[in-house]
Amino acid sequence: DAKTTQPPSMDCAEGRAANLPCNHSTISGNEYVYWYRQIHSQGPQYIIHGLKNNETNEMASLIITEDRKSSTLILPHATLRDTAVYYCIVRERAGTASKLTFGTGTRLQVTL
Amino acid sequence: KAGVTQTPRYLIKTRGQQVTLSCSPISGHRSVSWYQQTPGQGLQFLFEYFSETQRNKGNFPGRFSGRQFSNSRSEMNVSTLELGDSALYLCASSLGPALAGELFFGEGSRLTVL
């Protein structure tokens with residue numbers, strides 16, 4: 001299984017940028033990196049995904065290194081509502097089938 | 001539009017019983033995948049269905065099974081329940097196969113096995 005490694009927890013002051021790192025050194029060339037977050041007691045919520053280029057949407061930016069072995073999710077102006085567990089996931093493909101392997105994630109605490 | 005609906009939200013069973021969980025995907029979505037979440041193991045992939053066919057399966061024993069109907073609704077079944085099956089079971093739907101693009105998760109079914 002393709003593995004991702006994330007720090008178990010991070011703190012961020014409200015209004016500041018939150019930079020969440022992820023290591024995925026065994027990623028293959030056609031495997032995408034996905035980010036989801038889970039707020040307590042809710043189902044995970046999609047944030048963003050990418051293959052090799054940096055991506056940005058209304059929620060966040062995804063920066064993928066040139067060798068694709070790591071990535072960083074950036075929440076540009078964190079708010080208290082961004083407090084959640086953030087999962088970095090590699091979508092593994094085997095033929096026409098795929099699976100998502102969630103790691104233990106990073107618990108982001110946004111504080112006043 | 002309505003989100004992913006999972007029923008029941010909470011249930012309690014005893015060891016040895018079986019349980020069936022239901023998932024109604026977002027209208028138009030044809031892929032449904034299932035996940036087990038526990039404090040010790042985190043979120044683990046169970047299986048994915050697309051067009052009534054199981055496309056992939058995670059590393060779970062045969063007691064865990066599922067199916068998908070022609071209207072894309074899906075059910076998963078766990079037979080001969082064990083204490084370790086206590087978990088939050090999540091399903092997610094997406095438009096196309098192979099878990100590509102955005103997955104939309106339901107709120108989950110919380111199973112307690114006594």
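Please read these numbers as outputs of a predicted model, since none were measured by experiment. Just so it is clear, the values below take in all heavy atoms, side chains as well, and ignore hydrogens, waters and symmetry mates.
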Of the non-hydrogen atoms in B/Glu102 and A/Tyr36, which two are nearest, and what is the gap between them? C-OH, 3.9 Å
A/Tyr34 vs B/Leu103 side-chain heavy atoms within contact, under 4.5 Å: no
Count the heavy atoms belonging to other residues, nucleotides or ligands that lie under 6.0 Å from CZ of A/Arg16, then report whether that count exceeds 12. no
Please check if atom CZ in A/Arg68 has more than 12 non-hydrogen atoms from other residues, nucleotides or ligands closer than 6.0 Å. yes
With a 4.5 angstrom heavy-atom cut-off, which part of A/Tyr32 approaches chain B: side chain, backbone, both or neither? neither
B/Gln6 portion near chain A, given a 4.5 angstrom heavy-atom threshold: neither
Within 6.0 Å of CZ in B/Arg15, more than 12 heavy atoms from elsewhere: no
Is any side-chain heavy atom of A/Phe102 less than 4.5 Å from a side-chain heavy atom of B/Tyr35? yes
Please examine the side chains of B/Phe105 and A/Tyr46, heavy atoms only from C-beta on, and report whether any two atoms are closer than 4.5 Å. no
What's the shortest heavy-atom distance between B/Leu43 and A/Pro44, and which atoms? CD1-CG, 3.9 Å
Give a yes or no on whether B/Leu21 and B/Phe45 share a hydrophobic cluster (residues Ile, Leu, Val, Met, Phe, Trp, Tyr; joining criterion: side-chain heavy atoms under 4.5 Å apart). no
Between B/Leu90 and A/Gln42, does a side chain to side chain contact (heavy atoms under 4.5 Å, CB included) hold up when you go through it step by step? CA-CA 10 Å; B/Leu90 292 157; A/Gln42 298 181 17; over 6 Å; no
Do B/Leu83 and B/Leu111 share a hydrophobic cluster (ILVMFWY, side-chain heavy atoms under 4.5 Å, transitive)? yes
Establish whether B/Trp34 and B/Leu11 are linked, either directly or via other cluster members, by ILVMFWY side-chain heavy-atom contacts under 4.5 Å. yes
